[in-house]
Amino acid sequence: MKMRYISTRDKTISLKASQAIIQGISKDGGLFVPENIPLVNIEKLKNLNYKDLAYEIMKGFLTDFSDGDLKECIDKAYNEKFDTPEIAPLVEVGGKFYLELYHGPTIAFKDMALSILPHLLETAMKINDIKEEVVILTATSGDTGKAALEGFANVHGIKIVVFFPEDGVSEIQKLQMKTQEGNNTFVVGINGNFDHAQNGVKKLFNDVEFVETLKKDNYILSSANSINIGRLIPQIVYYFHSYFTLLRQGKISEGEKINVCVPTGNFGNILAAFYARRMGLPINRFICASNDNKVLTDFFESGIYDRRRDLKLTSSPSMDILISSNLERFLFHMSSEDDKLISQIMKDLVEKGYYEFNKDKLVDFFGAYTDEGEVLETIDQVFKKHDYLLDTHTAVAARAYEKYEAEYKDETKLVIASTASPFKFASSVAEAIGINVEDKSEFEIVDELAAKANIKVPEAVLSLKEKEILHENKCNKEEMKDMVVGFLKVGGNND
Ligand SMILES: *Cc1c(COP(=O)(O)O)cnc(C)c1O
């Protein structure tokens, strides 16, 4: 039986996996969700390595991919690009388990999915006999852009264009993007903030004339953002991997439940944990951690999702978000797949700026948030006490869990999703552990951080020093279309 993917806003819309990956979002604005969630046999999976586990988990969802194709995608994704053979190591610190999801090429958890999405997309195009070339258009606040560039670089039949805000990303993030290799990559800095970049990209997707021009030259547009099921499904794997690692190390017994705590922005990572439980993984509770942009904390407390507030810029920028898109999928499942309801509340969110959902249905999910002062304090405390260095996002999760733990006196074993290397947010982390960062270059800070914490600078950061700047493009937000047209050399006289 082939798995179908239905829209959260209209269940009669249904596609095969490969089609849902190509399309990204449903035409009615809804998100694709699997019509039913495959159950797995824990006993059979518990001794598999990461790649074999990925295959067993993903094949239940990607039923129109051949076994050979899926295995090839996995082989191309989870290889030496990761700096550790376990792909996602689990580290015990003070009785808690940190699942380090940042050992990929761009040292943030986005690599877990974006290293495989390009191969899934390429395969999906082949399955559906699509001959056009795909152009991935993305605006980024830092992590997604680089991970997408790295994943899509030199993938056949695909070009990728990334717009980033000149003044809205860290020095390391900017260098990572401007040094990107691959003859199918194009990186542009926008004079403006992330919203300008994001809105500009949205405009291009909705520009009928532009889309037509591309089509004439044999290009179709696609995006790599986190609502694509091709990003969601690979993320389920590492929750199983963490559980089996605990089992093999004798830290838990068979069938014992664990809690998971996830630093959350777009709700993609934690949703993957929710799917893992639906597949049979013994998860007790989900703790959804937010930074000062605590829309989700408020939501899990009150049932009211209210985006009517100002976005705050924090030291955990990848979680600076007011609309967590993937929450829509969760609410679809928790409302017994009530597509009419989801359609209505998503309309409310656009028109009124808020919606209300029956709080009693949000079982086993808890929200907690960590403010800016607490982030730095937590990094310092954990470092002093356990000699373990957290990045700012992971620190948000660690502190949020402490608050949950104090309130609920829950002693269930805990897995915390550790989403970025501390070196990716070097100045904040350095400052937190008492390094003076004033007037120092990013690389000086990185070196001092490595020396004080006695850990190696990841190759992904080291290599930046030697790399050549390959992308110097800058533009105003009004010029984004011209930049894409210039890169693709479209719109010429085709007669
Ligand atoms: C994207 C990101 C997050 C948030 O993940 P979501 O799936 O959007 O909830 C957290 N931490 C880091 C470092 C990220 O890059």
Decide if the gap between the ring center of [X] and the ring center of [Y] is smaller than 6.0 angstrom.
X	Y	value
Phe274	Phe330	yes
Tyr239	Tyr275	no
Tyr401	Tyr404	yes
Phe366	Tyr408	yes

According to side-chain hydrogen bond (donor to acceptor under 3.5 Å, both in side chains), who are the partners of [X], at least two apart in sequence or on a separate chain?
X	value
Asn47	none
Lys46	Glu43, Glu254
Glu402	none
Glu301	none

Electrostatic pair [X]-[Y], nearest N-O below 4.0 angstrom:
X	Y	value
Lys424	Asp143	yes
Glu407	Lys403	no
Asp75	Lys71	no
Lys312	Asp320	no
Lys452	Asp447	no

- Task: Applying side chain to side chain contact (heavy atoms under 4.5 Å, CB included) between Phe109 and each of Thr394, Leu101, Val262, report the one that passes.
- Result: Leu101

- Would you list the pairs meeting salt bridge (charged side-chain N to carboxylate O under 4.0 Å, His left out) in which at least one residue belongs to residues 96-117, sequence neighbours left out? Lys96-Glu405

- Query: Pairs in or reaching into residues 259-276: which pass salt bridge (charged side-chain N to carboxylate O under 4.0 Å, His left out), with residues at least two apart or in two chains?
  - Reply: none

Which pairs of donor and acceptor atoms, one on a side chain in residues 427-440, lie under 3.5 Å apart (sequence neighbours left out)?
residue, atom, partner, partner atom, Å
Asn436, OD1, Glu438, N, 3.1
Lys440, NZ, Asn436, O, 2.4
Lys440, NZ, Glu448, OE2, 2.9

Under 3.5 Å: donor-acceptor pair, side chain of [X], backbone of [Y]:
X	Y	result
Asn259	Arg285	yes
Thr185	Leu149	no
His471	Gln180	yes
His386	Phe383	no

Any donor-acceptor pair under 3.5 Å linking the side-chain atoms of [Y] with those of [X]?
X	Y	value
Thr314	Asn291	yes
Ser226	Asn326	yes
Glu372	Ser315	yes
Asn284	Thr412	yes

- Message: According to ring pair (Phe, Tyr, Trp, His ring centres under 6.0 Å), does anything in residues 72-96 pair up with another residue at least two apart or in another chain? List the pairs.
- Response: Tyr50-Tyr78, Tyr78-Phe82

- Task: Any pair with a residue in residues 410-459 that passes ring pair (Phe, Tyr, Trp, His ring centres under 6.0 Å), sequence neighbours left out, goes on the list, sorted by first then second residue, please.
- Result: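 Matches after skipping sequence neighbours: His393-Phe425.
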
- Phe163: ring pair (Phe, Tyr, Trp, His ring centres under 6.0 Å) partners, not counting sequence neighbours: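 None.
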
- Please name all residues satisfying salt bridge (Lys or Arg N to Asp or Glu O under 4.0 Å) with Asp83, sequence neighbours left out, ordered by chain then number. none

- Please name all residues satisfying side-chain contact (heavy atoms from CB on, under 4.5 Å) with Gln381, sequence neighbours left out, ordered by chain then number. Glu377, Arg399

